[in-house]
Amino acid sequence: MKKYVLIASLAVLMGACGEKAEQAAPASEAPKAAEQAQTPATPPAPAPDKAALTEQAKAAVQALGSTLKGELEAAMTAGGPVEAMGICNTKAPEIAKAVSAEKGMEVSRVSLKSRNAKTGVANDWQTKVLNDFETRKTAGEDPATLVYSEVVGNEFRFMKAIPTGAVCLKCHGTDISPAVTAKLTELYPQDKATGYKEGDLRGAFVAVKHF
Ligand code: HEC
């Protein structure tokens, strides 16, 4: 008896969706229809391929990193750190936007001690990952290989640590020239991104994708 109620309601349901209603009605189709009733009408979305997304994210942050590095080196050679600071200030956000559009993932850079108070501040989960990177580095992992990748709800999250190199110290180190300091104060009154030593974790690249 229960079975027929089920089939009848299935027919109604299918009727609501259109064409398939007639197929569900005949008695001969009943076992099949009952069977179908156990599977959800809309199959769940396929699980995201984390490995493939991780590869995509690695390529995206690699593109962001190498573009930024190229711009930085060119600007440092052409005009020194003060000039390069202005380039970083205007170009870094543009580059992140362009790479995000090209790679189909939202890429950025964050830090526990950020320079750009709008784009560089780590949110809650990013802060956890950055702290975890610090722990892993202290435990002996090579900072250049620290990576995190996870799917949380409908969000894919990727981070890759950014170690501080010698070239970074002119603008992020402990001994910053007065001219650079003046420019920093002008552009980033809330700057926290100084006092780093070579090998410290300066922050991380982030790639995020929603589905
Ligand atoms: C010429 C000065 C200069 C040099 C050299 C420099 N940076 Fe920066 N850095 C900046 C500026 C300016 C910003 C803020 C850019 C913005 O407004 O988006 C910044 C931002 C960042 C951020 C984004 C997070 C935040 O704090 O806002 C990271 C990460 C970063 N730098 C890492 C590095 C690393 C690693 C190096 C060395 C390879 C380096 N920087 C060299 C000036 C510099």
Side-chain angles (χ1 to χ4, degrees), residues 17 39-75 87-139 141-165 167-168 171-172 187-188 190-193 196 199-211:
C17 305
T39 50
T42 355
D49 184 345
K50 193 176 135 189
L53 285 164
T54 302
E55 287 314 305
Q56 194 187 336
K58 279 185 181 164
V61 304
Q62 160 86 40
L64 177 62
S66 58
T67 312
L68 283 169
K69 197 159 171 256
E71 289 282 345
L72 179 71
E73 279 168 4
I87 304 271
C88 273
N89 177 246
T90 52
K91 285 252 174 109
E94 283 173 24
I95 292 169
K97 236 185 185 173
V99 173
S100 299
E102 190 194 320
K103 301 288 180 184
M105 279 193 178
E106 207 182 301
V107 293
S108 58
R109 294 180 305 164
V110 296
S111 178
L112 294 171
K113 295 199 302 163
S114 55
R115 175 148 294 167
N116 188 316
K118 277 197 209 121
T119 60
V121 184
N123 67 17
D124 283 356
W125 69 262
Q126 292 160 358
T127 301
K128 274 196 201 125
V129 175
L130 285 169
N131 282 324
D132 185 50
F133 282 172
E134 292 288 355
T135 308
R136 287 164 64 183
K137 177 176 171 281
T138 309
E141 276 189 62
D142 177 358
T145 62
L146 290 169
V147 159
Y148 156 93
S149 175
E150 199 172 11
V151 174
V152 180
N154 66 345
E155 187 174 75
F156 168 74
R157 300 170 172 178
F158 175 86
M159 281 174 77
K160 184 175 192 315
I162 306 175
T164 309
V167 62
C168 319
C171 303
H172 293 293
L187 293 174
Y188 303 97
Q190 294 164 276
D191 183 32
K192 296 193 186 86
Y196 287 90
D200 285 348
L201 293 186
R202 176 61 263 278
F205 291 110
V206 178
V208 168
K209 191 178 172 102
H210 293 100
F211 33 75

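Just so you know, these numbers use all the heavy atoms, side chains as well, and skip hydrogens, waters and symmetry mates. Every value quoted in this text rests on a predicted model; they were computed, and no experiment measured them.
- For S100, the side-chain contact (heavy atoms from CB on, under 4.5 Å) partners at least two apart in sequence or on another chain are V107.
- Identified under the salt bridge (Lys or Arg N to Asp or Glu O under 4.0 Å) test for residues 95-108, with sequence neighbours left out: none.
- Without hydrogens or angle criteria, H172 side chain to A193 main chain gives a donor-acceptor distance under 3.5 Å.
- Looking at S111 and R202, their side chains do bring a donor and an acceptor atom within 3.5 Å of each other.
- Remark: E71 pairs with K91 by the side-chain hydrogen bond (donor to acceptor under 3.5 Å, both in side chains) rule, at least two apart or across chains.
- Inter-residue side-chain proximity for Y188 and N89 is flagged as met; some heavy-atom pair is nearer than 4.5 Å.
- For E73, the salt bridge (Lys or Arg N to Asp or Glu O under 4.0 Å) partners are K69, not counting sequence neighbours.
- By the 6.0 Å and 45° rule, K50 does not stack over the aromatic ring of F158.
- Under the salt bridge (Lys or Arg N to Asp or Glu O under 4.0 Å) criterion, R109 pairs with no residue, sequence neighbours left out.
- Judged purely by atom type and a 3.5 angstrom limit, Q126 uses its side chain to pair as donor or acceptor with the backbone of N123.
- Residue A57 comes nearest to A207 through the heavy atom pair CB-CB, 3.9 Å, listed as atom of the first residue, atom of the second, then distance.
- Atom CD1 of I162 is separated from atom CZ of F133 by 10.0 Å, given to the nearest 0.5 angstrom.
- The environment of CG in N154 is crowded: more than 12 heavy-atom neighbours from other residues, nucleotides or ligands sit within 6.0 Å.
- A donor-acceptor pair under 3.5 Å is formed between the side chain of K160 and the backbone N or O of A144.
- A donor-acceptor pair under 3.5 Å links the side-chain atoms of R136 to the main chain of V147, judged by distance alone.
- Listed by chain and number, the residues in a side-chain hydrogen bond (donor to acceptor under 3.5 Å, both in side chains) with E150 are Y148 (sequence neighbours excluded).
- A donor-acceptor pair under 3.5 Å is formed between the side chain of N131 and the backbone N or O of T127.
- You'll find the side chain of R157 stays beyond 4.5 Å of the side chain of K209, heavy atoms only.
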